[in-house]
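Reading through the structure tokens given below for one structure.
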Amino acid sequence: MPHLALYTFGVLKSPLADPTPLRRELHDSGAAIYPKISQHPGYLARAEAADRNRGTHFDLDWGAWGEFAVPTWYDKGRTVETIALDATLSLWTDLRPAFDAIYTGLHRAALNRRYDWFERTGRPSYVLWWVSDGVIPTWQDGVSRLEYLHDHGSAPDAFTFHHSFAPDGTPTRVKDIGSKSDQVR
């Protein structure tokens, strides 16, 4: 049975190394959210570096998730002092569980504050696509699909919750998703 891949990408207003309280709030928020998300029904796995705390996202060993990659439009730093991004890559059983995990609870509260932490880029901040059972999506897969979504809109291989597709490529809809849930702001 196919699984749903989810890639998220955001450009931070300040580098990860910034010691300000606002930056610490984002870090603390993530530290609380990830354990909750991993217990959510329908969650399968997420990209986690094998060698955390040994450099930037670009230097880490992501195993089967591949080499870390970012969209071509990311123009901030890549060093420990200058990197200013947040990205996730995860696998889910289906659209509804992924939607519920993202738009409820602690993650929803963090989304309500996203513009305190993230720049408004005018680009999508996430993309979804289906992968065959046993396939681990790579960071480059996520980047390619996010760029495709930005350039061409939703399609069976790169879509949003609001304009989603079933594994067979037919348009589908997750019940109760409002039209504003994934608009670019």
Side-chain angles (χ1 to χ4, degrees), residues 4-34 36-37 46-49 52-53 55-60 62 65-90 92 98-99 101-129 137-155 157-164 177-185:
L4 184 70
L6 167 62
Y7 171 73
T8 67
F9 185 83
V11 178
L12 296 168
K13 289 182 174 181
S14 63
L16 289 171
D18 188 345
T20 63
L22 196 59
R23 175 63 195 97
R24 278 194 302 274
E25 284 177 19
L26 174 62
H27 178 270
D28 292 347
S29 167
I33 290 169
Y34 287 130
K36 289 284 187 195
I37 293 280
R46 76 176 172 99
E48 293 187 81
R52 285 183 158 162
N53 303 321
T56 70
H57 293 69
F58 299 95
D59 305 321
L60 301 175
W62 295 95
W65 303 88
E67 185 176 330
F68 188 76
V70 294
T72 55
W73 47 266
Y74 173 73
D75 61 358
K76 294 201 174 182
R78 293 174 183 243
T79 67
V80 172
E81 297 81 22
T82 62
I83 193 169
L85 64 85
D86 196 11
T88 65
L89 181 58
S90 57
W92 296 84
F99 177 84
I102 291 164
Y103 291 103
T104 61
L106 290 175
H107 195 272
R108 179 69 209 169
L111 280 177
N112 290 340
R113 297 212 42 220
R114 67 186 170 269
Y115 298 120
D116 292 344
W117 304 313
F118 293 95
E119 292 182 359
R120 295 174 189 242
T121 64
R123 297 178 181 272
S125 60
Y126 76 94
V127 65
L128 302 159
W129 71 99
T138 66
W139 289 105
Q140 186 57 55
D141 293 337
V143 167
S144 298
R145 290 166 195 274
L146 188 71
E147 290 175 342
Y148 180 92
L149 178 65
H150 175 262
D151 294 344
H152 306 285
S154 285
D157 291 330
F159 54 91
T160 64
F161 286 113
H162 186 63
H163 295 102
S164 55
I177 293 180
S179 62
K180 296 183 180 180
S181 68
D182 59 7
Q183 290 179 347
V184 175
R185 299 183 211 288

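None of the values given here were measured: they were computed from a predicted structure.
- Although no hydrogens or angles enter the test, the distance criterion places no donor-acceptor pair under 3.5 Å between the side chain of Asp18 and the main chain of Pro15.
- With rounding to the nearest 0.5 angstrom, the CH2 atom of Trp73 is 8.5 Å from the NE2 atom of His150.
- In this structure, Lys36 and Thr104 have side chains that are not in contact, with every pair of non-hydrogen atoms separated by 4.5 Å or more.
- For the atom pair CG of Leu60 and CH2 of Trp65, the computed distance is 15.0 Å after rounding to the nearest 0.5 Å.
- Between Tyr126 and Thr160 there is a side-chain heavy-atom pair separated by less than 4.5 Å.
- At least one side-chain heavy atom of Val70 sits less than 4.5 Å from a side-chain heavy atom of Phe58.
- Arg145 places a side-chain N or O within 3.5 Å of a backbone atom of Asp157 that can act as its donor or acceptor partner.
- A 4.5 Å side-chain heavy-atom check between Trp62 and Leu89 finds every atom pair outside the cut-off.
- Distance CD/Glu48 to OG/Ser90: 11.0 Å, rounded to 0.5 Å.
- In terms of modelled atom types and a separation under 3.5 Å, the side chain of Tyr7 and the main chain of Ser144 share no donor-acceptor contact.
- Between the CZ atom in Phe118 and the CZ atom in Arg113 there is a gap of 11.5 Å [rounded to 0.5 Å].
- When all heavy atoms of Asp116 and Lys13 are compared, the closest pair comes out as O-CD, 3.7 Å.
- Taking all atoms of both residues into account, the shortest heavy-atom contact from Leu4 to Ala98 is CD2-CB, 4.0 Å.
- Contact record, Ala32 with Leu106: O-CD1, 3.8 Å, taken as the closest heavy-atom pair.
- Of all heavy-atom pairs between Ser154 and Phe159, the closest is OG-CA, 3.6 Å.
- Between Tyr148 and His152, the ring planes lie tilted relative to each other; the angle falls in the 30° to 60° range.
- Enclosure of atom CD in Glu67 is not indicated, since only 12 or fewer non-hydrogen atoms of other residues, nucleotides or ligands lie within 6.0 angstrom.
- Classification of the Tyr74-Phe9 ring pair by plane angle, with boundaries at 30° and 60°, yields perpendicular.
- Within the model, atoms CZ of Arg78 and CG of Asp59 stand 10.5 Å from one another, a figure rounded to the nearest 0.5 Å.
- At least one donor-acceptor pair under 3.5 Å links the side chain of Thr8 to the backbone N or O of Thr88.
- Contact of the Phe99 side chain with the Ser164 side chain is not registered, since no non-hydrogen atoms from C-beta on lie closer than 4.5 Å.
- One N or O on the side chain of Glu147 and one on the backbone of Thr72 form a donor-acceptor pair closer than 3.5 Å.
- Between the side chain of Trp117 and the main chain of Leu12, no donor-acceptor pair closer than 3.5 Å is present.
- Side-chain contact check for Leu111 versus Arg114: some heavy-atom pair is nearer than 4.5 Å.
- Between the CG atom in Leu6 and the CD1 atom in Ile37 there is a gap of 9.0 Å [rounded to 0.5 Å].
- Relative ring orientation between His57 and Phe68 is described as tilted, the plane-to-plane angle lying within the 30° to 60° band.
- Side-chain N or O atoms of Ser29 include none that pairs as donor or acceptor with a backbone N or O of Ala110 at under 3.5 Å.
- Around atom NZ of Lys76, more than 12 heavy atoms belonging to other residues, nucleotides or ligands sit under 6.0 Å away.
- Between Val127 and Gly142 the shortest heavy-atom distance is CG1-O, 3.8 Å.
- Closest approach of Leu146 and Pro71 over heavy atoms only: CD2-CG, 4.0 Å.
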